[in-house]
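Just below is one structure, and these are the notes that go with it.
Hydrogens, waters and symmetry mates play no part in the numbers below; they use all other heavy atoms, side chains included. A note on names: the letters A, B, ... follow the listed sequences, proteins ahead of strands, and every chain is numbered from 1. What you see is a predicted model, and the numbers here were worked out from it, not measured in a lab.
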Amino acid sequence: MLINNESFFEQVYEVTKLIPKGRVTSYGAIAAYLGTKQSARMVGWALHSTTAHHHIPAHRVVNRNGLLTGKHHFSSPEAMEQLLAAEGIEVQNNQVQDFDKLFWDPSKELL
DNA sequence: GACATGACGGCAG
DNA sequence: CCTGCCGCCATGT
C-alpha cells in the first residue's frame with residue numbers, strides 16, 4: 001500500500017469510507033494503517049473535519065475500547081448510535097457490542 | 001509565541 | 001484489575 005501520497009486527512013477519509021457496512025474500526029487501527037499509530041489523536045481530529053464537510057461514516061469509527069467517544073460531535077449524540085443500529089450494530093451504554101467481531105482492521109482486511 | 005486541550009493508545013505503577 | 005502519565009499533531013485562546 002502506498003502511503004503518504006495525499007494529506008493525512010485525505011487518507012483517513014478514504015479508509016473511513018471503505019469501512020464495510022455493519023463493521024467498525026478504531027482510530028488506532030486507522031492511524032496504524034497510515035503509519036502514524038502513535039498519533040491516533042490526529043485520526044480523531046481528521047474525522048472531526050470529515051463530519052463537517054464530507055460525507056464520511058465516521059460513526060463506524062470508535063476508540064480502541066469500542067466506546068462511542070465522539071458521538072457528541074455528531075449532529076446529535078443519538079445520531080451515532082442510531083446510524084450504527086441502522087447497520088445492525090448493537091450499541092449499549094455508548095459501547096459497541098461484539099466489538100471484537102465487528103472490528104474491521106484496514107491493514108488486514110483492506111490489504 | 002507559549003500554554004492548554006482534544007473523536008486515542010500504550011506502558012508503568 | 002484499575003489509575004495515572006506520556007507521546008503525538010493540530011487548533012484555539
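Pairs of residues two or more places apart, or lying in two chains, that qualify as side chain to side chain donor-acceptor pair (under 3.5 Å) and include a residue from residues 89-103 of chain A are A:K71-A:N94. For residues 55-77 of chain A, the ring pair (Phe, Tyr, Trp, His ring centres under 6.0 Å) pairs, not counting sequence neighbours, are A:H48-A:H73.
Taking atom CG of A:L67 as the reference point, atom C1' of B:dG6 lies 15 Å away to the nearest angstrom. The separation between A:W45 atom CH2 and B:dA7 atom C1' is 10 Å, rounded to whole Å. Spacing between atom CZ of A:F103 and atom C1' of B:dC8 amounts to 13 Å, rounded to whole angstrom units. A straight line from CG of A:L47 to C1' of B:dG6 spans 13 Å, rounded to a whole angstrom.
For A:T69, the side-chain contact (heavy atoms from CB on, under 4.5 Å) partners at least two apart in sequence or on another chain are A:Y27, A:N63, A:L67.
When the side-chain nitrogen and oxygen atoms of A:H73 are compared with OP1 and OP2 of B:dA7, one or more of them lie within a distance under 4.0 Å. Distances shown here put a side-chain N or O of A:T69 below 4.0 Å from the OP1 or OP2 atom of B:dC8.
The span of DNA chain C lying next to chain A, judged by atoms under 4.0 Å from heavy atoms, is bounded 5' to 3' by C:dG7 to C:dT11.
A heavy-atom distance below 4.5 Å is found between the side chains of A:L68 and A:V96. Side-chain contact between A:P106 and A:T25 is present, with at least one heavy-atom pair separated by less than 4.5 Å.
Under the 3.5 Å distance criterion, the side-chain polar atoms of A:R23 are left unmatched by any main-chain donor or acceptor of A:W104. Side-chain atoms of A:S26 come within 3.5 Å of backbone N or O of A:A29 as a donor-acceptor pair.
Across A:A58 and A:L47, no two heavy atoms sit closer than the pair CB-CD2, 4.5 Å.
The cationic atom of A:R64 (NZ for Lys, CZ for Arg) does not lie both less than 6.0 Å from the six-membered ring centre of A:F99 and within 45° of the ring axis.
A:E87 pairs with exactly one of A:Q82, A:K21, A:R60 by the side chain to side chain donor-acceptor pair (under 3.5 Å) rule, that one being A:R60.
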Working note: A:T16 + A:T50, criterion side chain to side chain contact (heavy atoms under 4.5 Å, CB included); need CA distance, chi angles, decisive distance, verdict. CA-CA 10 Å; A:T16 306; A:T50 303; 5.8 Å; no

Each nucleotide N or O in nucleotides 9-12 of chain B that has a protein N or O under 3.5 Å away: list the pair and distance.
from	atom 1	to	atom 2	distance (Å)
B:dG9	OP1	A:G28	N	3.3
B:dG9	OP1	A:R64	N	2.9
B:dG9	OP2	A:R64	N	2.6

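A:A58 comes within 4.0 angstrom of a nucleotide base, judged by non-hydrogen atoms across all strands.
With P as the reference atom, C:dC2 and B:dA7 are 24 Å apart, rounded to whole Å. With both ends at atom P, the span from B:dC8 to C:dC1 equals 24 Å, rounded to whole Å.
A heavy atom lying under 4.0 Å from DNA chain B marks none of the residues of residues 76-84 of chain A.
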